[in-house]
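Heads up: the structure comes next, in structure tokens.
Every chain is numbered from 1, with letters handed out A, B, ... down the list of sequences. Side chains included, hydrogens not; waters and symmetry mates left out as well; all remaining heavy atoms used.
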Number of protein chains: 2
Amino acid sequence: MSNKGFHVAVVGATGAVGQQMLKTLEERNFPIKKLTLLSSARSAGKTVSFRGEDVTVQEAKPESFEGIDIALFSAGGSVSKALAPEAAKRGAVVIDNTSAFRMDPEVPLVVPEVNKEDLRSHKGIIANPNCSTIQMLVALEPIRQAYGLKKVIVSTYQAVSGAGAQAVEELYNQTKAIINNESFEPKILPVGSDKKHYQIAFNAIPQIDKFEDNGFTFEEMKMINETKKIMHMEDLPVAATCVRLPVATGHSESLYFETEKGALTASDIQGLLKDAPGVVLQDNPAEQVYPMPADCVGKNDVFVGRIRKDLDTDNGFHMWVVSDNLLKGAAWNSVQIAETLIEMEIVTEK
Amino acid sequence: MSNKGFHVAVVGATGAVGQQMLKTLEERNFPIKKLTLLSSARSAGKTVSFRGEDVTVQEAKPESFEGIDIALFSAGGSVSKALAPEAAKRGAVVIDNTSAFRMDPEVPLVVPEVNKEDLRSHKGIIANPNCSTIQMLVALEPIRQAYGLKKVIVSTYQAVSGAGAQAVEELYNQTKAIINNESFEPKILPVGSDKKHYQIAFNAIPQIDKFEDNGFTFEEMKMINETKKIMHMEDLPVAATCVRLPVATGHSESLYFETEKGALTASDIQGLLKDAPGVVLQDNPAEQVYPMPADCVGKNDVFVGRIRKDLDTDNGFHMWVVSDNLLKGAAWNSVQIAETLIEMEIVTEK
């Protein structure tokens with residue numbers, strides 16, 4: 001730690017995303033003068049290594065946030081609901097990775113490549129969007145800016161790590177059981193707290209999060225509502241079907257979208273995305289170049305390929321968008337918000 | 001074998017689909033008076049059990065089709081191109097599971113639930129559609145009949161057995177290698193004869209079949225073109241994105257469609273599909289009831305769930321369609337065409 005920089009707290013430091021947050025803070029050489037690691041009572045007392053030093057995880061309480069400049073939350077919605085306001089009250093800027101505050105009109109919901117200006121209106125809490133929303137919007141925003149957006153339909157291919165480290169363990173344990181011809185009992189997926197649990201190994205489950213009354217899942221409604229909020233397009237038609245796959249990490253998305261402007265070609269879209277912030281274009285069918293989840297793990301970018309013009313609708317396009325759901329979908333977007341707050345001098349050294 | 005019935009040939013009897021065809025012929029108690037099993041020279045001489053009797057597989061040659069009433073082909077496009085016309089010339093009715101003749105205007109392309117009347121115009125060869133097309137059309141046809149169809153956009157989640165038995169082996173071998181932390185070299189998927197091969201275990205590959213110049217894959221163009229031909233709707237806008245998953249058997253599809261008629265509800269669609277031929281409705285979100293590939297294996301039906309009305313487009317709906325790609329997607333649809341030919345007295349006992 002140095003004398004300059006910020007006092008940063010990570011809440012949920014021992015979880016899958018918390019661990020990625022710490023790794024990302026290290027890799028980005030984030031200006032930290034003091035690091036406080038917080039968690040539930042259950043994980044308190046554990047030791048976590050950061051920049052070669054052992055840091056002991058403490059139980060998160062309201063008073064834990066005294067003196068904190070930036071608090072990165074990723075310990076579940078109930079922890080955020082209880083403690084994020086307490087942290088904000090004590091002067092910390094909270095960047096919350098749960099869904100607790102995302103649709104709160106007082107809370108900016110931010111993908112830096114899309115709407116970093118919204119950070120200026122924060123009142124202590126900033127929400128990090130849903131993983132599948134973030135990567136879609138990083139890919140769509142350059143198109144929206146240049147040509148306008150009229151419609152979005154997405155079908156997702158989501159990795160199990162989005163449901164936590166236990167879900168990854170379940171995928172591997174089930175896979176081993178099937179290969180060894182042993183029996184197993186699904187316990188986590190699709191949703192730990194829902195009534196029924198299904199096999200994920202060698203299967204596809206069309207349910208992520210619980211169902212709403214309209215037949216869409218919460219995950220699907222997150223993609224729909226968060227997109228409208230982040231893009232400031234309340235009336236943009238957005239539809240989503242979210243599906244869990246036997247993939248450990250890396251969400252993929254099959255996207256159909258229509259632009260306002262007509263008479264465009266796939267090359268126009270490719271040209272935009274080639275130089276877009278946070279995007280890596282991997283689009284060369286002749287050489288079988290396209291993004292895949294197995295290739296994106298550990299990388300901060302959003303990978304886009306398979307861009308092609310719809311054969312019937314002049315304004316319609318299809319593309320395939322892949323990103324590491326634990327990084328751009330969670331840890332990296334959160335740390336990037338923190339970096340942006342500093343760059344924009346919204347958070348300054350005391 | 002009995003004295004009544006038909007002399008049936010299965011070409012490609014030792015392949016993944018050929019094996020399912022024989023199993024289906026047994027299960028359906030198909031009226032066979034003689035069975036001839038044919039294959040490439042490589043597999044000739046092998047013995048296959050049918051109804052408790054051993055049948056020796058012979059090398060397929062033009063003269064093998066003398067006296068055959070019905071010939072089920074599933075030995076690859078080049079075999080069909082060479083031998084299906086020879087079989088037809090000798091009086092056999094060919095039901096071809098390859099893509100060789102599907103778009104030939106002289107050849108009916110048939111899903112019995114959709115367009116069995118087209119069988120009447122056959123000239124010796126009938127084509128079985130692509131697996132992913134068949135299940136989509138079984139689910140869409142009742143809707144088209146009742147309410148009209150204006151647009152279809154599909155994203156697929158396809159099993160590796162669609163690429164043959166070797167691809168299934170590759171999936172399991174790669175999975176074992178990853179779990180045991182061993183190295184492996186992809187050799188089959190996404191397309192055996194294409195330049196590059198990629199990991200399928202714990203991954204998703206957005207390529208099925210080779211690429212066309214328009215950026216779509218052949219598989220995607222099959223879904224698009226075959227749908228228009230089977231439904232006799234040359235101008236129906238159809239778009240497809242086809243993706244290979246680490247699932248052994250069972251294709252899933254995320255479908256968006258628009259009806260001609262407006263002011264419909266999800267219940268209207270569910271009501272139609274509840275009683276539709278070849279369809280099993282599995283659609284109860286409150287009880288987490290929806291189709292999944294792991295549940296459909298070994299069944300002839302097309303399973304439909306997650307039916308919901310689009311939140312923005314009055315005529316728009318989403319649904320999730322799952323079926324065993326080796327059965328309704330291949331072997332069962334072929335045998336069902338044969339049964340329909342007999343029912344409609346297009347093929348009669350000699």
Side-chain angles (χ1 to χ4, degrees), chain A residues 151 153-155 157 171-172 175-176 179 190-191 194-196 198-199 201-207 211-212 214-217 224 235-239 241 243 245-248 250 252 254 256 266 285-288 290-295 305-313 316 318 320 322, chain B residues 151 153-155 157 171-172 175-176 179 190-191 194-196 198-199 201-207 211-212 214-217 224 235-239 241 243 245-248 250 252 254 256 266 285-288 290-295 305-313 316 318 320 322:
Chain A
K151 189 186 187 75
I153 299 174
V154 58
S155 294
Y157 301 67
L171 167 63
Y172 286 126
T175 304
K176 281 179 211 163
I179 281 184
V191 183
D194 213 340
K195 282 179 277 189
K196 295 178 189 166
Y198 298 122
Q199 171 187 332
F202 306 107
N203 198 16
I205 306 179
Q207 183 193 355
F211 280 97
E212 294 203 0
N214 63 2
F216 286 79
T217 60
I224 293 167
D235 298 326
L236 179 69
V238 183
T241 299
V243 181
L245 298 195
V247 169
S252 307
S254 169
Y256 170 77
E287 295 300 321
Q288 294 175 267
Y290 38 69
M292 291 182 283
D295 293 338
R306 303 269 358 248
I307 298 169
R308 59 211 194 278
K309 196 174 161 90
D310 191 75
L311 300 173
D312 301 288
T313 305
H318 304 269
W320 177 251
V322 178
Chain B
K151 189 185 187 76
I153 299 174
V154 59
S155 294
Y157 301 69
L171 167 62
Y172 287 126
T175 304
K176 281 179 211 163
I179 280 184
V191 183
D194 213 338
K195 283 179 276 189
K196 295 179 190 166
Y198 298 123
Q199 172 187 332
F202 305 107
N203 198 18
I205 306 179
Q207 183 193 355
F211 281 97
E212 294 204 0
N214 64 2
F216 286 78
T217 60
I224 293 168
D235 298 325
L236 179 69
V238 183
T241 299
V243 181
L245 297 196
V247 169
S252 308
S254 168
Y256 170 76
E287 295 299 321
Q288 293 176 268
Y290 38 69
M292 290 183 284
D295 294 337
R306 303 268 359 248
I307 298 169
R308 59 211 194 278
K309 194 172 162 92
D310 191 75
L311 300 173
D312 300 288
T313 304
H318 304 269
W320 177 251
V322 178

Whatever's closer than 4.5 Å to a heavy atom in chain B on A:T217 counts as both
Taking every non-hydrogen pair under 4.5 Å, which of B:A248, B:A286, B:A204, B:P206 racks up the most with chain A? B:P206
Name the option with the most non-hydrogen atom pairs under 4.5 Å to chain B; the candidates are A:D310, A:I224, A:L245, A:D235. A:L245
Looking only at heavy atoms, what is the nearest atom pair of B:T241 and A:R308, with distance? OG1-NH2, 2.7 Å
Please round to the nearest 0.5 Å and tell me the distance separating atom OH of B:Y290 and atom CD of A:Q207. 3.5 Å
At a heavy-atom separation under 4.5 Å, does A:I179 approach chain B through its side chain, its backbone, both, or neither? side chain
Most chain A-contacting option - heavy-atom pairs closer than 4.5 Å, from B:V191, B:V243, B:I205, B:L236: B:V243
List for me each residue that meets salt bridge (charged side-chain N to carboxylate O under 4.0 Å, His left out) alongside B:D194, sequence neighbours excluded, and say none if there are none. none
Would you please indicate yes or no on a ring centroid separation below 6.0 angstrom for B:F211 and B:F216? no
Toward chain B, the part of A:A201 with a non-hydrogen atom under 4.5 Å: neither
Any donor-acceptor pair under 3.5 Å linking the side chain of A:W320 with the backbone of A:P291? yes
Could you label the plane-to-plane angle of the B:Y256 and B:H318 rings as parallel, tilted or perpendicular, counting under 30° as parallel and over 60° as perpendicular? tilted
A:I307, part contacting chain B, at a heavy-atom distance under 4.5 Å: neither
Partners of A:F202 by ring pair (Phe, Tyr, Trp, His ring centres under 6.0 Å), sequence neighbours excluded? B:Y172
Largest heavy-atom contact set with chain A, pairs under 4.5 Å, which of B:E287, B:K151, B:R306, B:K195: B:R306
Measure the shortest side-chain to side-chain distance between A:L311 and B:N214 over non-hydrogen atoms and say whether it is less than 4.5 angstrom. yes
I'd like to know which of B:P285, B:A294, B:G305 tops the heavy-atom pair count under 4.5 Å against chain A. B:P285
Quick check on the interface: out of B:P246, B:P190, B:A239, who has the most heavy-atom pairs with chain A under 4.5 Å? B:P246
At a 4.5 Å cut-off on heavy atoms, which part of A:V322 comes close to chain B: side chain, backbone, both, or neither? neither
